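Reviewing the structure listed below.
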Amino acid sequence: MNMHQKVLFVDPATGFYRTRKYGFDRYYGPVDLGIHLADKQNSLNFGVGAFAGSIFPGSNRMVVTGRSPCWQGLYVSSMGGAGLVFNNLGINMLSLVGKAHSPSVLYLNRNHGEEIEVEVVPIEVDEIWRSGRTGVYALTDHVHRMFGSRYEKDPRILVCGPGARETDFGGIMSVPISQGKISAVDTWAGRGGMGSALFQSHGIAAIIYGGTVVEEDFRDKKVADGWFENKYHLKLREKDFEATAKYRFDEKFSTGGTLGVNYATMGGRIMAFNYRTIFDSEEKRCFLHQRFILDHYLKQFNEETIAGKQQATCGEPCVAVCKKMNGHFKKDYEPYQTMGPLCGIFDQRAAERLNHHCDAMGLDAISGGAVLAWLMDLLDTGTLTPEDLGVTEVPRWDLERFRVVEDSQHNAELGIALIESILSRRGIVDFREGIRKWSRIHSAGRGVNLHDSMVYIAFGRRGWMAPNQYWVAGALAPMTIMGKYYMVYSNDFLPPRELGQKSAGRMKAELILDNLGICRFHRGWAEEMLPEVMGEIYGCRDQFLRAISVLAGRLNSHNCPVFWESERDIDYVHTFLKRKREVDKDEHPELTRWLEKFAADKVEAAKDFWYEMLKGINESLDEMF
Ligand code: SF4
């Protein structure tokens, strides 16, 4: 088994490339090495973990590291399954330095141990994005037509869309290809805008890769079962089946996947209409949840997707089959939340239409949906006019008169029009330098801060991130990487210092998964088991865990957190705390104290709460050496 990582460095400006090996004495995976390279030479890195190609389920994630255009800090993003084919290249990481002169495809192929073939081929990307299935889907088809026949085994293709050029939150999309057939199950490295980094900083619109190299990966089922039986009294497959129930089918709720289980269980924690529901009574939120989610949005999903068993994997063999489909529409909770209830959409047809368009244009769906909901809010309050935003309609957000199918459809059409405004820079819309800077410029002279109604986390001078879709204080924690699950997002009240400490702990646990290229849906066993396996196979359990602490400290040393700039951020945390007391009847004495502080002066209380979290984070991540 390899005790090193082999990195292919490519400069798209010249097509020059070289390889270098990094031993397992300092860097153990795609995150610690990728962050080192990104920090040192501002590269964008695509890597797989030590268990890629092994028998461990979920071990073929492709991990992207680099400087995030929207967050403006070092970032880690990942996509499922794309590491499986990457492993056939016989390298562990691709590192891009430099920029192609015009938008290009990077072609990587390696046949039977021969030297890797590297080509940088310019393409007419605008024409392609407008053709056929449009956007990322058209580019996938085009690149496959251009290069597919050169591969002995099915390749995989990473692509970006026009959103990567026109915004700082463009994602990277990829679909499994099997026997020459391009599937409909798209997987994304969406968070962090790594598509924007790929396109804008490196001039690469697509990467096609594959090969026939067979690595010596760990595939001894008997040995693995022995480890699992010792720890769990279950075989590997049995433990994995148990740990991934939520993502497959949860009998308790008669649904499955993140969309199914989250909507079945959230009740009064529903967030809709750009989070305005945080100001509603619990009764009103429960009414909305019952009438529009349980009786319609979730019902459609259960009848069409769950009952119809329309499910798939990201491309690797996996019993979780977490990709819940309806025809060619893939349904995850967060995109169908931001481009669902958050935009005033409660009908699957309408949500499918908007989500599909946003995906085709190559935008990170969570950020995209959050931005659309904010723009709709600004239209609904009359703060901005349709002309300002280059559209002709305003949203229909009146809950009393809401017609679930028609008004959802209307709001989805408006969402699509707003995406066109973003991509074509209509009216005053121009998000190339991020929404915070845009808001600062266009708030001037209006007597109102446009961003006061946007829920986001601020970082440095202009970095921003739409939070994960859970109404909890941890979703807005001042962690060094936000927008993924490097924080605590359970619905429990924790005093802020403890919340910071526990978020730091979650960051380390998630880094174990990311640095091994493991899908977090397998975290029920992977977090504790795989460091042990690193010890069994490579004899480096303690060194690996030490490297995780150093990595967490290194990332934290780059933290530039900014106190919640938006009033809705403060209200988001305040109303979460109020709900904990009033609805969940949490009697924690610290909760009482914080509620009193917020009642006296919400801005001062929010500052104290935020700084307490930051203290908890910093005191837990100081293991730099
Ligand atoms: S849980 Fe989903 S994303 Fe993760 S490995 Fe399985 S199919 Fe892929």
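What you see is a predicted model; the values in this text were computed from it and never measured. Counting starts at 1 for both ligands and their atoms, following the listed order.
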Any N, O or S atom of C322 closer than 2.8 Å to atom 6 (Fe) of ligand 1: no
Flag side-chain contact, heavy atom, 4.5 Å: T305 against Q300: no
R506, CZ atom: more than 12 neighbouring heavy atoms under 6.0 Å: yes
Heavy atoms of other groups near K299 NZ, more than 12 under 6.0 Å: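 No, NZ of K299 has 12 or fewer neighbouring heavy atoms, counting only those of other groups under 6.0 Å.
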Min heavy-atom dist G81 to ligand 1 below 4.0 Å: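 Under 4.0 Å: no for G81.
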N, O or S of H522 under 2.8 Å from atom 4 (Fe) of ligand 1: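 False for H522.
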Candidates V63, I91, I207, T65 - the one meeting side chain to side chain contact (heavy atoms under 4.5 Å, CB included) with F46: I207
Side chain to side chain contact (heavy atoms under 4.5 Å, CB included), paired with K331, selected from K323, M325, Q348: Q348
By number and element, which atoms of ligand 1 are closer than 4.0 Å to a non-hydrogen atom of [X]?
X: F521; value: 1 (S)
X: G58; value: 5 (S)
X: C519; value: 1 (S), 3 (S), 4 (Fe), 5 (S)
X: A320; value: 1 (S)
X: T313; value: 7 (S)
X: C318; value: 1 (S), 5 (S), 6 (Fe), 7 (S)

Any donor-acceptor pair under 3.5 Å from R150 side chain to M146 backbone: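 A pair under 3.5 Å: no.
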K239 NZ/CZ over Y232 ring centroid, <6.0 Å and within 45° of normal: yes
Nearest non-hydrogen protein atom, atom 7 (S) of ligand 1: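 Of every protein heavy atom, C314 N, 3.4 Å lies nearest to atom 7 (S) of ligand 1.
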